[in-house]
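Only one structure is covered here, and it is reproduced in the block below.
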There are 2 protein chains.
Amino acid sequence: MESKFGERIRTLRESQNLYLRQVAPLLEMDTAQLSKIEKGFRQLKKEQIPILAKVLKADQKELQTLWLADQVLDLIKDQPNADEALKSVSKSIKKK
Amino acid sequence: MESKFGERIRTLRESQNLYLRQVAPLLEMDTAQLSKIEKGFRQLKKEQIPILAKVLKADQKELQTLWLADQVLDLIKDQPNADEALKSVSKSIKKK
DNA sequence: CTTACATTTGCCAAAATTTGACAAGTCAAA
DNA sequence: TTTGACTTGTCAAATTTTGGCAAATGTAAG
């Protein structure tokens with residue numbers, strides 16, 4: 001599946017010697033779900049990012065960025081003209 | 001709602017003096033749906049872009065790019081760090 | 001004002017997708 | 001061969017998206 005966000009939170013979790021079993025309940029899910037999230041098979045709800053950032057003592061902004069990049073990547077994968085579309089989007093948001 | 005894709009196909013349709021009633025059946029939908037698509041309340045299925053490009057004598061690549069940009073824009077709107085996430089995605093796809 | 005016709009809007013149920021929960025599975029260490 | 005961490009598969013529930021219809025709106029003509 002491939003997920004930068006998932007890889008990152010797994011690294012963070014492991015570096016703090018936390019088990020899925022310990023983290024999952026704080027996000028109100030079971031270990032199976034969190035495992036899938038770390039492997040990129042499921043998405044964490046964006047509202048849960050701040051909670052996870054706190055639990056993992058991570059920078060919330062970093063996780064939000066990784067999370068969003070994963071979503072975008074998933075959307076555009078296999079799409080033609082993806083790079084051009086991205087450029088145009090970048091312009092659009094700068095105009096806001 | 002705001003949709004570059006919708007605005008574009010409406011312009012194309014009108015410039016050729018076609019009615020929703022004439023175009024919608026070619027996409028196997030009713031006028032209400034196509035109206036919503038042009039106004040950005042609904043999304044055209046990406047598989048239908050080539051059909052529409054042909055009907056409207058438009059450049060398929062142009063429509064695909066507009067369509068994808070709309071999808072991305074919808075995904076990232078109101079998200080923090082959107083520009084940073086986009087940058088990172090651009091890098092990712094160049095590595096493929 | 002009435003008709004005609006293009007478009008829009010609102011609503012609801014059907015279809016599709018995502019999610020949550022659980023059970024069973026793998027794997028490594030002891 | 002037992003234990004504990006993690007993974008995988010399945011299935012129904014929940015959520016989101018879609019399709020279709022009917023009624024509303026807008027506009028131009030008669």
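Worth saying up front: this structure is predicted, and the values here are computed from it rather than measured. All chains are named by letter (A, B, ...) in the order of the sequence lines, taking the proteins before the strands, and each is independently numbered beginning at 1.
The distance from atom CD of A:E38 to atom C1' of D:dC6 is 10 Å, rounded to the nearest whole Å. Per the geometry, CD belonging to B:Q22 stands 13 Å off C1' belonging to C:dT7, to the nearest Å. Between the CG atom of A:L34 and the C1' atom of C:dC22 there is a distance of 16 Å, rounded to whole Å. In this structure, B:E14 places its CD atom 13 Å from P of C:dA6, rounding to the nearest Å. Whole-Å rounding puts the A:Q48 CD to C:dT18 C1' distance at 14 Å. B:F41 places its CZ atom 15 Å from the P atom of D:dT18, with the value rounded to the nearest Å. When rounded to the nearest whole Å, the span between CG of A:N17 and P of D:dC6 equals 11 Å. We find that CE of A:M29 is positioned 14 Å from P of D:dT7, with the value rounded to whole Å.
Between A:K36 and the phosphate of C:dT18, there is no side-chain N or O to OP1/OP2 separation shorter than 4.0 Å. Between B:Q33 and D:dG20 there is a side-chain polar atom (N or O) within less than 4.0 angstrom of OP1 or OP2. Taking side-chain N and O atoms only, A:T31 has no distance below 4.0 Å to OP1 or OP2 of D:dC6. Taking only side-chain nitrogens and oxygens, A:R42 never comes nearer than 4.0 Å to OP1 or OP2 of C:dA21. For D:dT8, the OP1/OP2 oxygens have a side-chain nitrogen or oxygen of A:K39 closer than 4.0 Å. Between B:K45 and C:dA15 there is no side-chain polar atom (N or O) within less than 4.0 angstrom of OP1 or OP2. Using a 4.0 Å cut-off, some side-chain N or O of B:R10 falls inside it from OP1 or OP2 of C:dT8.
Distances from the side chain of B:S35 to the nucleotides C:dA21, D:dC6, C:dT7 place C:dT7 closest.
No donor-acceptor pair under 3.5 Å is formed between the side chain of A:K95 and the backbone N or O of A:S92. With hydrogens and angles ignored, the 3.5 Å screen pairs no side-chain donor or acceptor of A:S35 with any backbone N or O of A:T31. In this structure, the side chain of A:D70 engages the main chain of A:K4 through a donor-acceptor pair within 3.5 Å.
For the pair B:L44/B:M29, a side-chain contact is recorded, criterion being any heavy-atom separation below 4.5 Å from C-beta on.
A salt bridge between B:E7 and B:K39 is absent, with no side-chain N of the basic residue lying under 4.0 Å from a carboxylate O of the acidic one.
With DNA chain C read from its 5' end, the first of the two nearest nucleotides for B:A32 and B:Y19 is the one closest to B:Y19.
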